Amino acid sequence: LGQTAAKLRHLALALEAVVLGKEGGLELARTLLSRADIDVNTGSTSSDGIETTPLALALDAVILDKEGGLELARTLLSHADIDVNTGSDTPLALALMAAIQDKEGGVELVRMLLSHADINVNATSTGPDGSKGSPLLFALGAVGQGKGGGVELVRMLLSHADINVN
């Protein structure tokens, strides 16, 4: 692997270690993310064979209540080059899942994503039950199930200029 490819692989491995709660993962992820030459968008294949991105891994860490997950997600979202639309489960869908499950920082992460200039607020993802849908559909489903923050999430999504309500 070239020097850049090795750094990318290390970032993904460090973030996966955070998701798995492995010792040293958080420190390594922080160190790699502090480098100006790190590419924050190149994905990897996780240990369970799923293609994922560094942002998706950080959001998974938030959902799983792993130490440092919220910090890493914030750091990635503040990076100038972050791609906020990549992945089979989009970052917005993962942040919505965190917010619906009332995870620390979940609503904040949804706000950060919705304020990103490049966000595709209508991108479909696979929901917890395996069905495909838009972020608005998932938020409305949370309202229908009486889950936390659903109404606030729907309002946030509806306030986005590019939302498709049909």
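What you are looking at is a predicted structure, and each value in this text was computed from that prediction instead of being measured. The first residue in the sequence is number 1, and the count goes up from there.
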Mind checking whether Asp65 and Lys103 have side chains closer than 4.5 Å, heavy atoms only?
yes

Taking C-beta and beyond as the side chain, do Ile63 and Leu94 meet within less than 4.5 Å on heavy atoms?
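A side-chain contact exists here, since the closest heavy-atom pair is under 4.5 Å.
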
Which donor-acceptor pairs under 3.5 Å do side chains of residues 136-150 form with protein atoms, sequence neighbours excluded?
from   : atom 1 : to     : atom 2 : distance (Å)
Gln145 : OE1    : Lys147 : NZ     : 3.4

Atom pair [atom1] ([X]) and [atom2] ([Y]), whose distance is rounded to the nearest 0.5 Å:
X	Y	atom1	atom2	answer
Ile38	His79	CD1	NE2	8.0 Å
Glu23	Leu28	CD	CG	12.5 Å
Ile119	Met112	CD1	CE	11.5 Å
Leu157	Asp162	CG	CG	12.0 Å

Where the side chain of Asn164 meets the backbone of Asn122, is there a donor-acceptor pair that is under 3.5 Å apart?
no

Report yes or no: does Ser125 contribute a side-chain atom to a donor-acceptor pair with the main-chain N or O of Thr90 at less than 3.5 Å?
yes

Can you run down the salt bridge (charged side-chain N to carboxylate O under 4.0 Å, His left out) pairs that involve residues 79-88, sequence neighbours left out, and say none if there aren't any?
none

Residues 54-61 side chain polar contacts: donor-acceptor under 3.5 Å, at least two apart:
none

Closest heavy-atom contact between Ile82 and Leu77?
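Between these two residues, the closest heavy atoms are CG2-O, 4.0 Å.
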
